[in-house]
Every structure is written in structure tokens, then in C-alpha cells.
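Written below as C-alpha cells is the structure these notes are about.
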Amino acid sequence: MQELGRLDDLPLAYRESLGAQNLVPLWPSLRSVLPPGTPARRTQPVMWSYEALRPLLMQAGELTPIEKAERRVLVLANPGHGLEKMQASAAIYLGMQLLLPGEWAPSHKHTPNAVRMIVEGEGAYTTVDGEKCPMSRGDLILTPTGLWHEHGHDGKEPVVWLDVLDLPLVYYTETSYAVEGKEQDVTATRLERNYARGGVVPSPVFSRGSARRYPMLRYPWADARAALLSLAESQPDVEAVQVAYVNPENGSDCQNILGFSALMLRPGETLNLPARSPAMVFHLIEGGAEVAIEANRFALSPADTCCAPGYTPVTLKNRSASEPAFVFVADESPLHKKLGVYEVRA
Ligand code: GTQ
């Protein structure tokens, strides 16, 4: 490849004249903004151990009252981006949020999309757009862009969940903002049971009103887990036992920017994922798994989380020969597909 001219090849006076008019020569930077073959990346393979972070999260519960935090969250930050950027990858933000019994995280809405993957504890709920969504281990609750949401807790134990947001991307595009609201009335009944039977959905034909953009806000783990087990049983040859969290009205990704799925690793299974452009996040719900990314071997126990950069093959291994392992996966594929940059490399 042709070597290009460097900045210090240019006379100082010329560079100063360019700068004075807010002009920059492209050629000294051309190879860095358009690197050959594979993108430059900041996202590093990183793992966050739940056992290691949990005491610090509980300590935050003692140090900072909820009124002083609004959202009591420890952000899972990728050092490759700089911890202060609060990014797991280019588009993904991850945070572990703690709500103690009796606490309330007040209502707001914002432009970034969020989901919650419940990690531990019973009795908390998120009210989204007037719909009260109870939280149990493994449930996925959506709080899509622009919908009011607040968190409450009527139980007795600390409740922790993993927040996954597209905040880095929305912030980068200078479209990130929030609006504070007042406590929501619970006005909507929970609609998720309407979609619990695959293949039949509420029909709009004889009733007025159009389908909501986000018809399903809570995806119970019991249903996703049962779907994985029946998939594994009915299609023993299927390459990956995986279900996607989709809009049940039209089968599209459940949110606009990030994609979400659940994966079952059969006892003893090794799953080789090809290098794809989107970065990915793995959060272990149940069992034991090893995630191999380049030279890294992350041994995940329940509630551990790790991330993998894009354009990198990943190998997932069930560490048990007798029990299945269940993994929650978040990735940037809806974004890449919409942008037209999605790629799978053989
Ligand atoms: O629960 O609404 O981790 O607004 C970051 C921003 C959680 C939330 C986060 C948020 C929330």
C-alpha cells in the first residue's frame, strides 16, 4: 500500500494557515480513519465478575441514598474506551443497578433505549408506559426510547438488574436527553400473556386501534427458557439453540438499535461463532460457560458478564457435561443492519 505524506512533511506556516481557517489535510490521517481490511477498535474483550462487583454495589447502597443517585448504578466500563466514557462497546452501555426494599427510582423518559435483565431478588418492578412489570431473575423488561419508566420495590431483599442501553451511540449522535416526570398511574394491564402462545397474536381485524410499536414490554424468563428447552429437544441437530427477543406483532427486533437473544449451550457443547461486525455482550443466567475471545478465556459463573469486540470470532463452551447453560446475549446487529455495515466473515 502506498505510503502517504505525513503532517510534519508540511511546512509549519502552511499548517498554521490551514488551522487558522479550520481546515485539515486528509492524507496524513487517511489510513487511520479508513484502515486497510479491518476497522480500528477500542472495544477490548472484558469480563465483569458478579461476585467481585456485588459487594461494591451493596456498598453503594450504604454510601449513597437513592434520592442522591436516582439510579444507583455501577457502570461496566470497557477500559479500551476509557472508563470515563462509560461504554462497553461503541454502541452498548452496561450497568448494574441496585434497588433496596422500599426504594423508588423516579419516573423519567429519555431518547436512549434501555432493557433490564434481572439478576437477583424478588419484589421489585418497573412501570413502563403505565404497565407494571414485575422483576424476577432472567426476565427481560424493555424501556424503549421515549417511554416513561420508574422502578419500585415492595420486597424484602436487594434487587439487582443489568441495564443495557444504546446510550453511547445516542450520545455520540448528540440526541441523548431525558425528561423528568411525575409518578405514573398504573393504567395498562400487562399484555405479555397475549403473546405467550407462538403463532397467534391479538387480531386487529375486527377491533379498532393499531398495534402498539412496543406491544410486549416484559419477556418472562420462564417462557424463554421453556422455548430453548423445547427447541433443543425438537431439533437436536440445530447449530445454535437460540431464541431472539422480538416484537411479537411483526417478528422484528424488539428495539431499534441493539438486538437481544437467549442461548442455551447443551451439556458439553462448544459453539463457534463466526467473526461478525457487531460487538456482543454475554451475561450468564444459569450454569457455567467459557467464552473464548482471541487470547482471553473468560469462565462465566451465573450473573457474570463479558463483552467481545466486533469482527472477532467467539467460542462459547458449556463447562458442564451434564447441565445446560443459559446465556443472555446483547449485540449491535440491528444498528449494523440499518446502517448497511453488517458483515459476517467466514
Ligand atoms: O433505570 O432509567 O443504567 O436512565 C442508566 C440510565 C439506568 C434507568 C441506567 C437510566 C437508567
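Keep in mind that this is a model prediction, so the values were computed, not measured. Side chains included, hydrogens not; waters and symmetry mates left out as well; all remaining heavy atoms used. Remember, it's 1-based here, ligands and their atoms both numbered in the order they're listed.
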Polar side-chain atom of Glu332 near backbone of Ala91 as donor-acceptor pair, under 3.5 Å: yes
Criterion side-chain contact (heavy atoms from CB on, under 4.5 Å) on Glu286 and Arg225, from CA distance to verdict: CA-CA 10 Å; Glu286 207 182 301; Arg225 190 179 189 282; 2.8 Å; yes
Which of the ligand 1 atoms, numbered from 1, are nearer than 4.0 Å to a heavy atom of His110: 2 (O), 4 (O), 10 (C)
Student check: side-chain heavy atoms of Val160 and Leu57 closer than 4.5 Å: yes
Atom 7 (C) of ligand 1: the protein heavy-atom neighbour that sits closest, reported with distance to 0.1 Å: Asp163 OD2, 3.3 Å
Numbered atoms and elements of ligand 1 in range of Val73, under 4.0 angstrom, heavy atoms: 3 (O)
Test side-chain contact (heavy atoms from CB on, under 4.5 Å) applied to Thr305 and Tyr50, step by step: CA-CA 8 Å; Thr305 306; Tyr50 189 62; over 6 Å; no
Identity and separation of the nearest protein heavy atom to atom 5 (C) of ligand 1: Tyr93 OH, 3.4 Å
Heavy atom of the protein closest to atom 8 (C) of ligand 1 (residue, atom name, distance): Arg71 NE, 2.9 Å
Contact atoms of ligand 1, heavy-atom distance to Arg116 under 4.0 Å: 1 (O), 2 (O), 7 (C), 8 (C), 11 (C)
Numbered atoms of ligand 1 (with element) below 4.0 Å of His108, judged on heavy atoms: 2 (O), 4 (O), 8 (C)
Test log, rule side-chain contact (heavy atoms from CB on, under 4.5 Å), inputs Phe260 and Met117: CA-CA 10 Å; Phe260 305 98; Met117 163 52 52; over 6 Å; no
Considering all heavy atoms, the nearest Ile141-Arg218 contact: CG1-CG, 4.1 Å
Per-atom contacts of ligand 1 with His151, taking only distances under 4.0 Å to non-hydrogen atoms: 1 (O), 2 (O), 8 (C)
Protein contact of atom 6 (C) of ligand 1 - nearest heavy atom, named by residue and atom, plus distance: Leu165 CD2, 4.0 Å
Residues Thr270, Glu290; criterion side-chain contact (heavy atoms from CB on, under 4.5 Å); working and verdict: CA-CA 9 Å; Thr270 296; Glu290 183 189 271; over 6 Å; no
